[in-house]
Every structure is written in structure tokens, then in C-alpha cells.
Amino acid sequence: MAFDKEKVLALCNAFSKNTLMQTLNIRYVDAGEDFLTATMPVNPSVHQPMGLLHGGASVALAESVGSAASMLYANSEMEEVRGIEISANHLRSKREGLVTATARIIHKGKTIHLWEIRITDEDDKLVCLCKLTNIILPKEQ
């Protein structure tokens, strides 16, 4: 079956309703066979007390895009995705604007997916570099 970018983006944005992704205004904006991209506005709702993008918001963005990307490889009728480890290196501060997270698959095993998620600013400068490990589990019947 051919990859349908618009269908993937519509699905990802639809399952974000009434979740943390909606609260953080995360929008899935691009997809390919080996990547998924989402954006998040940087404003006071995602700031830490010093007026900068909160590291936890960056990690939430990274885990959201990496987990959604794993879901694209899983059989949704029989399998579920769970994040089991995430690491983040916060490299640049951000006060306002938009950040973009792109998850790219590093390892796609039968039960383990490893993703690299690069969060960049509008000038394509690296704000945060994350690594996410997801486990693919059978759905409980």
C-alpha cells in the first residue's frame, strides 16, 4: 500500500484531541515513510518561571511525535505503543515562536523502536536533541 501523507497527518491530529498534545497545541505537519514532524508554539503556556521554553514541554513534544511515529508502524488492532525511555539534551533556549520536532527511526525491531527526535527553531537551529525508545506490546483482549 502506498504511503498517504495526508491520511497519516489527519489521523495523528485526530487522535490528539482531548490529550496533552491538544493542551500544548502540538500539530502534526509532515510525514514520510521514515519520519514524522510536529510543531508546538512557544508562549507562556509552555514556559518555565524564567520565561523560557520548559524542558518538560520539549520532552512532551518529542515523546508525542516519536510515539505517534511508532504507532504508524504498529498494527493498531493488535498492538499498542508505550514509551519506555526518553533522554533529552537541551541545547538552546527559546522564549517565543515555534519549535518543530522531527522523529526519525534509528531501529525498527519487532518489539522495540528507537527514535531520534530533533527539535529546532524557525532558523533550523537545534533546540533539543532527544532519543526515545518505544516498546510494541500486544493489546489486551
Side-chain angles (χ1 to χ4, degrees), residues 1-49 51-141:
M1 180 188 299
F3 181 80
D4 186 339
K5 174 180 160 177
E6 297 309 317
K7 184 177 178 182
V8 165
L9 294 175
L11 175 68
C12 290
N13 285 310
F15 68 60
S16 295
K17 290 186 183 352
N18 301 314
T19 68
L20 179 65
M21 286 82 78
Q22 182 176 2
T23 301
L24 297 178
N25 292 307
I26 294 171
R27 297 282 306 152
Y28 295 91
V29 296
D30 198 9
E33 292 187 11
D34 66 344
F35 76 95
L36 183 62
T37 300
T39 60
M40 181 178 71
V42 178
N43 56 45
S45 69
V46 296
H47 282 169
Q48 43 94 309
L52 302 171
L53 173 61
H54 193 292
S58 294
V59 172
L61 172 61
E63 185 156 0
S64 296
V65 72
S67 293
S70 277
M71 287 174 49
L72 300 176
Y73 290 123
N75 177 340
S76 62
E77 293 180 15
M78 300 178 63
E79 298 172 317
E80 296 178 327
V81 173
R82 296 287 184 272
I84 58 173
E85 191 272 338
I86 190 164
S87 65
N89 292 99
H90 306 289
L91 304 169
R92 181 180 306 277
S93 61
K94 183 91 174 129
R95 290 188 183 277
E96 60 183 20
L98 190 74
V99 289
T100 301
T102 300
R104 292 195 180 276
I105 192 82
I106 295 171
H107 172 76
K108 184 179 84 169
K110 193 172 185 179
T111 57
I112 296 288
H113 293 173
L114 178 62
W115 295 91
E116 177 187 77
I117 301 105
R118 297 175 66 85
I119 300 175
T120 58
D121 66 11
E122 299 91 342
D123 296 322
D124 205 32
K125 291 182 180 173
L126 190 59
V127 173
C128 185
L129 180 63
C130 298
K131 182 178 74 173
L132 172 67
T133 306
N134 290 326
I135 190 167
I136 311 305
L137 298 170
K139 274 190 178 176
E140 293 184 16
Q141 301 300 328

Within a strict 4.5 Å, meaning less than it, do heavy atoms of the [X] and [Y] side chains meet?
X	Y	value
F35	I117	no
I136	V81	yes
M40	I26	yes
L61	L24	no
S64	Y28	yes

What heavy-atom pair brings [X] and [Y] nearest, and what distance separates the two atoms?
X	Y	value
S70	N134	OG-ND2, 2.9 Å
L9	D30	CD2-N, 3.4 Å
G66	W115	O-NE1, 3.6 Å
C12	L72	SG-CD2, 4.3 Å
E122	E96	OE2-O, 4.3 Å
R95	H47	O-NE2, 2.6 Å

Quick check for you: to the nearest 0.5 Å, what is the distance between [X] atom [atom1] and [Y] atom [atom2]?
X	Y	atom1	atom2	value
I135	R82	CD1	CZ	10.0 Å
R92	S58	CZ	OG	13.0 Å
L36	K5	CG	NZ	11.0 Å
C128	K94	SG	NZ	13.5 Å
T133	I86	OG1	CD1	9.0 Å
I119	T39	CD1	OG1	11.5 Å

Short side-chain to backbone donor-acceptor contact, D123 and K125, under 3.5 Å: no
Whether T19 side chain and S16 backbone form a donor-acceptor pair below 3.5 Å: yes
Single hit among L52, L53, L129, V59 for side-chain contact (heavy atoms from CB on, under 4.5 Å) with H90: V59
Derivation and outcome, side chain to side chain contact (heavy atoms under 4.5 Å, CB included), residues K131 and E85: CA-CA 8 Å; K131 182 178 74 173; E85 191 272 338; 4.1 Å; yes
R104, CZ: over 12 other non-hydrogen atoms inside 6.0 angstrom: yes
Ring geometry between H113 and Y73 (parallel below 30°, tilted from 30 to 60°, perpendicular above 60°): perpendicular
Full working for side chain to side chain contact (heavy atoms under 4.5 Å, CB included) between I84 and I112: CA-CA 10 Å; I84 58 173; I112 296 288; 4.0 Å; yes
Sequence neighbours excluded - salt bridge (charged side-chain N to carboxylate O under 4.0 Å, His left out) pairs with any residue from residues 106-117: none
